[in-house]
Each structure stands twice: as structure tokens, then as C-alpha cells.
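Here is the structure we will look at.
Numbers for residues simply follow the sequence, beginning at 1. Order of listing sets the numbers, starting from 1, for every ligand and every atom in it.
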Amino acid sequence: MNNQIVLPVFPDRQPEPVVSDLWLDELADGLTEHGWLSQDVSARLGSDLLAGLRNEVRILDRTEALRKAGVGRGADLLQDRSIRRDRIAWLQGVTPVQAELFGFFESVRLGLNQRLFLGLKRFEAHYATYHEGDFYRRHVDSFQGRASRVLSLVLYLNQGWDDADGGALQVYNRENENEVCGTVHPLEGRMALFMSEEIPHEVLPANRTRYSIACWFRCDEVPLPL
Ligand SMILES: O=C(O)CCC(=O)C(=O)O
Ligand SMILES: [Fe+2]
């Protein structure tokens with residue numbers, strides 16, 4: 001009789017997004033020193049998660065499930081095509097890849113609260129597509145007089161993006177909004193992180209469809225009417 005134990009074989013599983021103390025220290029230092037940073041996080045998120053998110057946004061785009069983005073909120077919402085031309089869909093965190101990404105955002109929220117005492121209570125995130133010629137003029141992310149968006153995180157989902165494809169995130173000096181202090185090309189797995197109220201930024205016109213997820217960590221408990 002063969003009583004050898006046969007171990008079950010599981011298919012390769014992607015590890016959970018990797019958020020280490022050391023990495024959170026690095027983010028906190030970058031934010032304290034410069035108010036913003038950009039990093040390649042593809043190894044932390046894993047290629048399966050990035051591919052899953054890219055797949056979702058492409059389907060939303062193809063099925064025209066994304067809506068024209070506005071400026072302001074509630075009764076003040078304006079769809080001013082001279083300011084921004086992207087299309088968006090809010091993430092609910094219910095599909096497996098969104099749930100995994102929300103776990104990552106939550107670790108960032110808790111880790112940065114511990115280190116910087118930002119009082120981040122929650123986050124909201126949307127997919128965005130910029131089609132050829134679309135842009136978002138220079139702006140800051142928190143609404144005047146509300147100061148509820150504290151920290152912005154943008155994650156890009158574009159494979160093989162060349163400089164010639166345009167669509168770069170241009171970051172301006174927090175002391176002088178006319179001085180460019182950084183350019184982030186929207187390559188898959190790249191993340192930009194910045195203080196929402198402090199850092200003026202702009203999306204330059206894209207020369208081909210550009211996919212991203214923008215997430216805001218907020219200090220208000222109750223969502224304001226969207
Ligand atoms: O996609 C980006 O690089 C930035 C988008 C942005 O600034 C925004 O949605 O507020
Ligand atoms: Fe922005």
C-alpha cells in the first residue's frame with residue numbers, strides 16, 4: 001500500500017500588495033520634505049492586480065460607462081471642457097481587484113496617519129481616461145474652503161507609454177506655481193503622491209488614451225454630497 005502523502009498543488013497566487021514599515025517611512029519622508037513624490041509600485045501591487053485594474057478601466061471605457069468629469073461638487077459642479085476633459089467612474093471596492101487595491105489604500109492611510117498625524121478618515125477613488133487631446137489644466141485638488149481632501153494618490157495603468165505619448169503629470173513648486181518641479185510619465189505601476197491643497201499640478205494633453213486611478217484621502221468623516 002502506498003501511504004505517501006500527496007500535497008495539493010495550488011495555482012500560483014499573487015502575493016497581497018506589499019506595504020512595509022520602511023516603505024511607509026520613505027513616503028512620509030518624501031511628503032514632509034517636498035510635499036510630493038513619485039515611485040514605481042508595480043512590484044508592490046503585482047502584475048496580476050495591475051492587469052486586472054487595467055482590464056476594468058478598458059472595459060468601462062469601451063462600454064462608455066465613464067462620465068465626463070466636473071469641477072466642484074453638488075450644485076457648484078461645472079463641466080468646463082476648457083479646464084478638464086477626462087472621463088471618470090468611481091470605484092466601489094467590490095470587484096476582487098478593487099477590493100485588493102482598497103486594502104492597499106487602507107494600509108497607506110493607516111501608515112501615513114501614524115507617521116504624519118494627517119487625520120485621514122477615509123478615501124475615495126475613481127478611474128479616469130484621457131482620450132487623445134484630453135488634458136487637465138493646472139489646479140490643486142482640495143475644494144476651496146473645504147480642505148477635506150488632504151492627500152492625493154494617482155496610479156497609472158498604461159503599458160509601453162513613451163514620452164511622445166504626452167499626458168505627463170506636471171508638478172509645480174508649492175511656493176511658486178509657475179515653476180515646474182517634476183514630470184511624471186503615466187507608465188503602468190507608477191504612482192504619484194502629493195498633498196492635495198499644496199501642490200499645483202496639471203495633466204498635459206495625451207496623444208493616446210491614458211488610463212489611471214486617482215485616489216483622495218480625506219479628513220472628513222461623512223461624505224459631502226457629490
Ligand atoms: O492623472 C493624473 O496624473 C492627475 C489627475 C488629477 O490631477 C486629478 O484627477 O485631480
Ligand atoms: Fe488633480
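Under the 6.0 Å cut-off for aromatic ring centres, Trp90 and His126 qualify, their centroids lying closer than that. Ring-centre distance between Tyr136 and Tyr130: not below the 6.0 Å cut-off. A ring-centre distance under 6.0 Å is not found for Tyr172 and His201.
Residues satisfying the salt bridge (charged side-chain N to carboxylate O under 4.0 Å, His left out) criterion with Glu106, sequence neighbours excluded, are Arg109.
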Donor-acceptor pairs under 3.5 Å, side chain of residues 111-119 to any protein atom, not counting sequence neighbours: which ones?
{"unit_1": "Asn113", "atom_1": "OD1", "unit_2": "Gly119", "atom_2": "N", "d": "3.1"}
{"unit_1": "Asn113", "atom_1": "OD1", "unit_2": "Leu120", "atom_2": "N", "d": "2.8"}
{"unit_1": "Asn113", "atom_1": "ND2", "unit_2": "Leu120", "atom_2": "O", "d": "2.8"}
{"unit_1": "Arg115", "atom_1": "NE", "unit_2": "Asp25", "atom_2": "OD1", "d": "2.6"}
{"unit_1": "Arg115", "atom_1": "NH1", "unit_2": "Gly111", "atom_2": "O", "d": "2.9"}
{"unit_1": "Arg115", "atom_1": "NH2", "unit_2": "Asp21", "atom_2": "O", "d": "3.3"}
{"unit_1": "Arg115", "atom_1": "NH2", "unit_2": "Asp21", "atom_2": "OD1", "d": "3.4"}
{"unit_1": "Arg115", "atom_1": "NH2", "unit_2": "Asp25", "atom_2": "OD1", "d": "3.4"}

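Side-chain N/O atoms of Ser38 and Arg190 include a donor and acceptor closer than 3.5 Å.
Excluding waters, the protein N/O/S atoms found under 2.8 Å from the Fe ion (ligand 2) are His139 NE2, Asp141 OD1, His201 NE2.
Remark: Glu132 does not engage Arg208 in a salt bridge, criterion side-chain N to carboxylate O under 4.0 Å. With respect to the salt-bridge test (charged N to carboxylate O, under 4.0 angstrom), the residues Asp141 and Arg149 do not qualify.
Residues of the protein with a heavy atom under 4.0 Å from ligand 1 are Tyr130, Tyr136, His139, Asp141, Val154, Tyr156, Leu169, His201, Val203, Arg210, Ser212, Trp216, listed by chain and number.
Contact check for Met195 versus Val150: side-chain heavy atoms found under the 4.5 Å cut-off.
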